[in-house]
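One-based numbering, in listed order, for ligands and for the atoms of each.
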Amino acid sequence: MSDTAFLKLDKLSLAYGKTIAVKDLDLDIRKGELLALLGPSGCGKTTTMRSIAGLMTPVGGQIRLDGADITHVAANKRAVGLVFQSYALFPHLTVFENVAFGLRLKGMSGTELEAKVTAGLKSVGLSAFADRKTPELSGGQQQRVALARSMVMEPKVLLLDEPLSNLDARLRLEMRTELQRVQKESGVTMIFVTHDQVEALALADRIVVMKNGAIEQIGTPEDIYNRPVSSFVADFVGFENVFAVRDGKLVTSEGEVALAGALPEVAGLAWRPRTVTLGTGPLQGKVRGVSFAGGTREYVLDSSLGTIKAEVDAAAPAHPLGTEIVFDLPIAAAAKLERFG
Ligand SMILES: Nc1ncnc2c1ncn2[C@@H]1O[C@H](COP(=O)(O)OP(=O)(O)OP(=O)(O)O)[C@@H](O)[C@H]1O
Ligand SMILES: [Mg+2]
């Protein structure tokens with residue numbers, strides 16, 4: 001795939017003084033791809049973005065963009081756009097002038113500038129707001145201005161670092177769709193940082209899951225959601241029942257437990273709550289918690305395997321707290337983990 005890489009990070013290492021934040025990171029990004037960087041706080045997402053933008057010099061490795069080595073190219077010469085969580089608009093300028101700002105710096109003016117800014121505002125649905133001052137806009141509208149401001153510069157790569165994190169839930173959803181549309185229409189290569197798995201799954205062509213400054217897994221949303229390679233990824237994408245496998249048994253908080261069928265030879269097995277069959281099976285549990293979640297009901301069981309989380313259709317009769325109940329962890333429904341820990 002390396003010959004089709006548009007942006008290539010090659011053994012990239014990044015440090016703050018003696019603290020290594022990212023180590024030997026290899027990543028190929030295709031032209032026009034929407035890639036999500038997903039991972040817990042401190043795993044190195046922002047640091048990686050800063051290095052691509054040229055705000056940080058790597059201590060090792062190389063960054064290539066569109067065939068050229070840009071590792072030591074100045075930030076303003078890279079054709080890389082960056083939109084941060086705090087989008088830092090100029091409050092004293094109108095929406096139009098905020099979007100025009102970078103183009104004016106490049107020496108553009110007159111009808112050319114006007115045409116570019118007008119098209120930029122149209123693409124994010126803000127044509128009617130050109131003359132407003134930015135503090136008079138909603139959070140989502142301000143986010144659109146920040147997006148348009150970067151897009152009009154026609155970057156080769158657009159980096160977005162948690163751009164939706166200070167919007168409320170409804171606006172987030174709206175902006176998510178908007179981002180996806182703008183990206184597909186413009187064809188810009190985009191890297192999007194989030195620590196929200198739902199956002200990454202919904203938006204990305206591919207997801208990179210990071211852990212401690214390294215890549216844990218790269219794959220399509222379906223890969224990551226259905227086939228996590230490690231217990232770390234499984235935990236991160238909502239498999240609530242994650243166990244190591246040793247000597248053909250599950251390693252649980254209550255000791256090693258054999259299941260009815262033979263276990264595959266893997267490092268671990270993981271079940272989403274909805275793949276736990278509640279009410280049938282050879283395992284025994286007691287309801288410690290039950291909560292109504294709209295379409296489903298979520299159960300927490302105390303069992304011979306420790307705590308088990310199960311989820312069933314809310315139309316089924318509820319099992320009250322304290323109920324003794326049987327269940328199963330079907331081996332066929334488990335995600336097979338190559339690594340544990
Ligand atoms: N300016 C800095 N000086 C020293 N260490 C830093 C600095 N910025 C970040 N780090 C460290 O580098 C590591 C990676 O940080 P980074 O900001 O890339 O994480 P992140 O994945 O973006 O996390 P978050 O989701 O919280 O934004 C962390 O251990 C962090 O403490
Ligand atoms: Mg960050």
Side-chain angles (χ1 to χ4, degrees), residues 7-29 33-63 65 70-71 74-75 78 80-89 139 142-143 146-147 150 155 157-169 171-172 175-176 179 189-204 206-219 221 224-225 228-238 341:
L7 174 64
K8 186 176 181 65
L9 310 182
D10 189 9
K11 301 241 170 321
L12 192 68
S13 292
L14 303 164
Y16 297 96
K18 287 201 176 112
T19 311
I20 305 284
V22 170
K23 192 159 169 41
D24 288 337
L25 188 106
D26 288 323
L27 183 58
D28 285 1
I29 298 153
E33 190 168 27
L34 204 174
L35 192 87
L37 287 189
L38 178 68
S41 186
C43 71
K45 304 180 298 293
T46 295
T47 305
T48 304
M49 299 285 258
R50 286 172 51 91
S51 75
I52 299 169
L55 302 175
M56 182 165 185
T57 308
V59 291
Q62 202 187 46
I63 303 172
L65 176 58
I70 60 160
T71 318
R78 287 189 177 200
V80 172
L82 184 56
V83 178
F84 276 112
Q85 173 185 344
S86 59
Y87 10 93
L89 300 174
Q142 292 186 32
Q143 184 61 74
L147 185 61
S150 285
V157 178
L158 185 57
L159 309 175
L160 300 113
D161 194 350
E162 308 231 16
L164 311 184
S165 61
N166 53 13
L167 303 179
D168 68 40
L171 258 181
R172 260 179 105 108
M175 273 309 290
R176 197 196 279 170
L179 255 185
T189 306
M190 205 182 259
I191 308 180
F192 180 94
V193 166
T194 178
H195 53 235
D196 178 346
Q197 53 124 342
V198 176
E199 207 158 271
L201 292 166
L203 263 177
R206 280 192 307 159
I207 296 174
V208 176
V209 182
M210 290 182 69
K211 174 193 177 188
N212 297 336
I215 293 176
E216 183 77 1
Q217 185 172 0
I218 304 179
I224 302 288
Y225 189 81
V229 295
S230 68
S231 56
F232 176 84
V233 178
D235 270 331
F236 208 76
V237 298

[X] side chain vs [Y] backbone, donor-acceptor pair below 3.5 Å:
X: D26; Y: K11; result: yes
X: S51; Y: M56; result: no
X: S13; Y: D24; result: yes
X: K45; Y: M210; result: no
X: R78; Y: I70; result: yes
X: Q217; Y: V229; result: yes

(request) Show the protein residues that qualify under the rule heavy atom under 4.0 Å from an atom of ligand 1, listing them in chain and number order. (result) Y16, A21, P40, S41, G42, C43, G44, K45, T46, T47, E162, H195

(request) Take the Mg ion (ligand 2) and tell me which protein N, O or S atoms are nearer than 2.8 Å. (result) T46 OG1

(message) Please evaluate residues L35 and L27 with respect to the criterion side chain to side chain contact (heavy atoms under 4.5 Å, CB included), reporting the C-alpha separation (whole Å), side-chain torsions for both, the decisive distance (0.1 Å), and the verdict.
(response) CA-CA 11 Å; L35 192 87; L27 183 58; 3.9 Å; yes

(request) Check V193 against P163 and note the closest heavy-atom contact, atom names and distance. (result) O-CD, 4.1 Å

(message) Pair E199, F192 - check side chain to side chain contact (heavy atoms under 4.5 Å, CB included), show working.
(response) CA-CA 10 Å; E199 207 158 271; F192 180 94; 3.5 Å; yes

